[in-house]
Trainee: 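Can you read through this structure? Questions will come right after.
From a predicted model like this one, the values you see are computed outputs, not experimental measurements. The first residue in the sequence is number 1, and the count goes up from there.
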Amino acid sequence: MIVGTAGHIDHGKTTLVRALTGVDTDRLPEEKRRGISIELGYAYLAAPNGRRIGFVDVPGHERLVHTMVAGASGIDLALLLVAADDGVMPQTREHLAVLSLLGVARGAVVLTKIDRADAQRLAALGAEVAALTAGSTLEGWPLLEVSALTGQGVDALRAWIFDAAAQAPARSDAALGFRLALDRAFTLAGIGTVVTGRVHAGGVQIDDALLLVPLAKSARVRSVRAQDEAVARAGVGQRCALGLAGLAKDDVERGQWLVAPQVASTTQRLDARLTLWHGEARALRSGASVHLHLGAADTVASVTLLDAGLDTPKALEPGASARVQLRLAAPIAAWHGDRFLLRDASATRTLAGGVVLDPQPPTRRRAAPLRRARLDAWEQPNAEARLGALLAASPEGLDIAAWARAEGRVAAPPALAGAGLRAGDWALAEAHREATAAALLAGLADFHARQPQETGPDLARARRLFAPGLAEPLWRGLVADLVARGQVLQRGAWLQLPEHAVQLSADEARIAGRLLPRLEQGGFDPPWVRELAAEAGESEALLRAVFARLARQGELHAVVKDLYYPEPTLARLAALVREVAAQQGGAVTAAAFRDATGLGRKRAIQILEYFDRVGLLRRVRDAHRLREEAGLFAGVAAPAPADPPGCGRSAASGQP
């Protein structure tokens, strides 16, 4: 458990921590000289049950509230200190607002320096504190009295902290990835770079690979300390120090995160639920410039009220709550459920606090009902409910991997109730699958009516026409599903309804009957249109027209201009592609495919690029990766090694 102090400068925060733990948290020479805290200080206390309690001592000066906020983010228990002689002061009020707006729900108000006040003064101060905390998360907190100078009440406060730690709810979710909010970095001889912070989720151990975000730099854990003890593993709710390999001290800044690579995410835009502090004098208008504090990060942001419209105000009144979008001047790391704080543009006053809903909102503007439905989904009470609601609110499909990353989850998501289609990391609700399928069928019918001599649109054009927003894996999965159900025919890359057929003229049928066998005999290296025209004594223009018609019917495939492959031959080549991909971890290089086919390098590249275009492969730098969901040219075994790839012609790389 982590205990954080709060309160006005010189109200005894550092002195009280020293009285409780025996540790002086003022470590800097300037702090010793001036007698005030400038940086965050840390101490630890062993509880009777053997566990160690961490303390974060924050500065109380008005110019150091940003440092106080960094320390207060993520604490489990707060001690708001009020000196009996001074009473409630400006930073008492602001620190109270910080704790409440960050959602800190457990703690106590501690009256310090009680040796300087009589009983009447203490009673009046207690009443003032009760009025001050009314309407905040601190309302109803116990009021404890101590004097660090005389020791009065210190043992009772320590016992209260032990009891609160024993009653702290367990927080463990194996599905969550490790996240550490960094607040300090230094170098130790023999260890190297050391970073410290609070573990917000997951766990970490020696040799774990982590990522520093938002810089996306890799590191390996060399040593782990939790609550100031060497441990094998550190977990959520602990202050942690990690010795790292692969990172220099200068790489690290307060506000960054060390995270499991699976949940690494940065953003400059996030949707959130925001509450304006009830003590504010003015409303917060949409478009206001603010300072955002999240974890230990601090960046400038602008606020847009998402629910503002004709029937809702364009400003957030004091004490009110609304959904907003924050646009950030610099990238930060954020996840669903993270608490944050807003201060005014000059960073002199705490304004509001909230919780992150969607750390990666869509950049494309959505219709208001869809936008509201998506926000409603992110406000559901648990991960399963959020996932189901987001699926229902995503007519173009939901990226499950992106959802898990936004939630900070590394475990596989639960089974998706209501999913009508799954393709890789994407899912589509059954209702949206039916609507998209109906749009495709209706679109094909209209296409056939307007262009009866055309086979139908190719896959890419059909997607642009009938499902422009649908994620590509879902589009291919939907087409495959409709083909399997017999509702759509796919001929090569072209789609058509089963009842639609393009008829060849008698002359075209004659030419096709003569030349299709010749193309099939060509194997992996069929003759070009110019060669066939010369052999058959036909014009090249006529052959091109016939072959183009046959290509639209799916019987031929134009790998490059004037070079056509019959469907069975291309299916055999696709089988070889799958075989090579299986041998090379899903990747197909031009050299490996050339060797498998016996073709020249240029022809091998042309075929691979055709497979890229039709969706069997996708280009990734110098390789072509097999699309696992693609069912194109399936059901054909790769030819045996003894089967010659060509038919006696040299595998020329260009047209003769």
Side-chain angles (χ1 to χ4, degrees), residues 447-448 450-462 489-496 500-577 593 597-616 632-633 636 639 643-656:
F447 187 97
H448 294 329
R450 289 185 291 104
Q451 302 181 62
Q453 293 304 308
E454 295 288 335
T455 299
D458 62 41
L459 275 167
R461 185 182 181 193
L489 289 181
Q490 181 175 353
R491 297 183 178 276
W494 282 267
L495 300 179
Q496 67 177 89
H500 179 75
V502 176
Q503 299 296 324
L504 295 177
S505 68
D507 201 29
E508 290 172 333
R510 175 184 59 79
I511 293 173
R514 288 180 59 197
L515 298 185
L516 279 180
R518 179 68 182 89
L519 287 174
E520 292 172 358
Q521 291 167 8
F524 293 170
D525 186 26
W528 294 79
V529 166
R530 181 181 301 174
E531 293 178 301
L532 287 171
E535 290 179 16
E538 304 283 357
S539 73
E540 291 181 27
L542 178 58
L543 260 62
R544 290 189 182 98
V546 173
F547 285 1
R549 180 69 60 86
L550 291 171
R552 288 194 293 271
Q553 288 184 317
E555 294 185 51
L556 293 180
H557 297 265
V559 170
V560 292
K561 186 178 186 301
D562 281 356
L563 181 64
Y564 288 88
Y565 278 72
E567 171 82 7
T569 305
L570 213 60
R572 294 170 64 209
L573 287 166
L576 280 173
V577 161
F593 186 63
T597 59
L599 293 169
R601 177 177 174 81
K602 184 174 181 180
R603 179 63 57 79
I605 290 174
Q606 290 170 339
I607 295 171
L608 291 177
E609 289 177 344
Y610 178 78
F611 284 145
D612 287 338
R613 292 197 299 274
V614 299
L616 178 66
L632 293 174
F633 312 111
V636 176
D643 186 12
C647 284
R649 302 171 71 247
S650 64
S653 59
Q655 180 173 353

Trainee: Starting at CD of Glu540, measure out to CG of Leu532 and round the result to the nearest 0.5 Å.
Mentor: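 Between atom CD of Glu540 and atom CG of Leu532 there are 10.0 Å.
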Trainee: Please list, chain by chain and in numerical order, all residues satisfying side-chain hydrogen bond (donor to acceptor under 3.5 Å, both in side chains) with Glu535, sequence neighbours excluded.
Mentor: Arg518
Trainee: Can you measure from OG1 (Thr455) to CD (Gln490) and round to the nearest 0.5 angstrom?
Mentor: 12.5 Å
Trainee: Are Val577 and Leu608 side-chain neighbours, meaning at least one heavy-atom pair lies under 4.5 Å?
Mentor: yes
Trainee: Using side-chain hydrogen bond (donor to acceptor under 3.5 Å, both in side chains) as the criterion, list what pairs up with Glu508, not counting sequence neighbours.
Mentor: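 Once residues adjacent in sequence are excluded, the partners of Glu508 under the side-chain hydrogen bond (donor to acceptor under 3.5 Å, both in side chains) criterion are Ser505.
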Trainee: Going through the distances and angles, do Leu599 and Ile607 end up as a side chain to side chain contact (heavy atoms under 4.5 Å, CB included)?
Mentor: CA-CA 10 Å; Leu599 293 169; Ile607 295 171; 3.5 Å; yes
Trainee: CZ/Arg572 to OH/Tyr565 distance, rounded to the nearest 0.5 angstrom?
Mentor: 11.0 Å
Trainee: What heavy-atom pair brings His448 and Gly456 nearest, and what distance separates the two atoms?
Mentor: CE1-CA, 4.1 Å
Trainee: With rounding to the nearest 0.5 angstrom, report the CZ to CG distance, Arg544 to Leu542.
Mentor: 11.0 Å
Trainee: In terms of side-chain geometry, is the basic nitrogen of Arg613 or Glu609 positioned less than 4.0 Å from the acidic oxygen of its partner?
Mentor: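 No.
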Trainee: Angle between ring planes, Phe611 versus Phe593, binned at 30° and 60°: parallel, tilted or perpendicular?
Mentor: perpendicular
Trainee: Apply side chain to side chain contact (heavy atoms under 4.5 Å, CB included) to Leu516 and list each qualifying residue two or more places apart in sequence or on a separate chain.
Mentor: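 Leu516 satisfies side chain to side chain contact (heavy atoms under 4.5 Å, CB included) with Ala512, Leu519, Leu550, Glu555, Leu556 once adjacent residues are dropped.
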Trainee: Working to the nearest 0.5 angstrom, can you tell me the gap between Arg603 CZ and Phe524 CZ?
Mentor: 12.0 Å
Trainee: Listed by chain and number, what are the side chain to side chain contact (heavy atoms under 4.5 Å, CB included) partners of Leu489, not counting sequence neighbours?
Mentor: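 Scan of Leu489 (side chain to side chain contact (heavy atoms under 4.5 Å, CB included), adjacent residues dropped) gives Arg491, Gln496, Pro498.
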Trainee: Partners of Phe447 by ring pair (Phe, Tyr, Trp, His ring centres under 6.0 Å), sequence neighbours excluded?
Mentor: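 For Phe447, no residue satisfies ring pair (Phe, Tyr, Trp, His ring centres under 6.0 Å) once neighbours in sequence are set aside.
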Trainee: Starting at CG of Leu563, measure out to CD of Glu531 and round the result to the nearest 0.5 Å.
Mentor: 9.5 Å
Trainee: With a 4.5 Å cut-off on side-chain heavy atoms, are Leu543 and Ile511 touching?
Mentor: yes
Trainee: Sequence neighbours excluded, which residues qualify as side-chain hydrogen bond (donor to acceptor under 3.5 Å, both in side chains) partners of Arg510?
Mentor: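 If we apply the side-chain hydrogen bond (donor to acceptor under 3.5 Å, both in side chains) test to Arg510, skipping adjacent residues, the hits are Asp507, Glu538.
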Trainee: Test of understanding: with side-chain hydrogen bond (donor to acceptor under 3.5 Å, both in side chains), list the residues that count as partners of Glu567, not counting sequence neighbours.
Mentor: His557
Trainee: State which residues pass ring pair (Phe, Tyr, Trp, His ring centres under 6.0 Å) with Phe547; sequence neighbours excluded, sorted by chain then number.
Mentor: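 Listed in chain order: Tyr564.
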Trainee: Got a sec, which residues hit side chain to side chain contact (heavy atoms under 4.5 Å, CB included) with Ala460, two or more places apart in sequence or on another chain?
Mentor: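 Ala460: side chain to side chain contact (heavy atoms under 4.5 Å, CB included) contacts with Asp458, Arg464.
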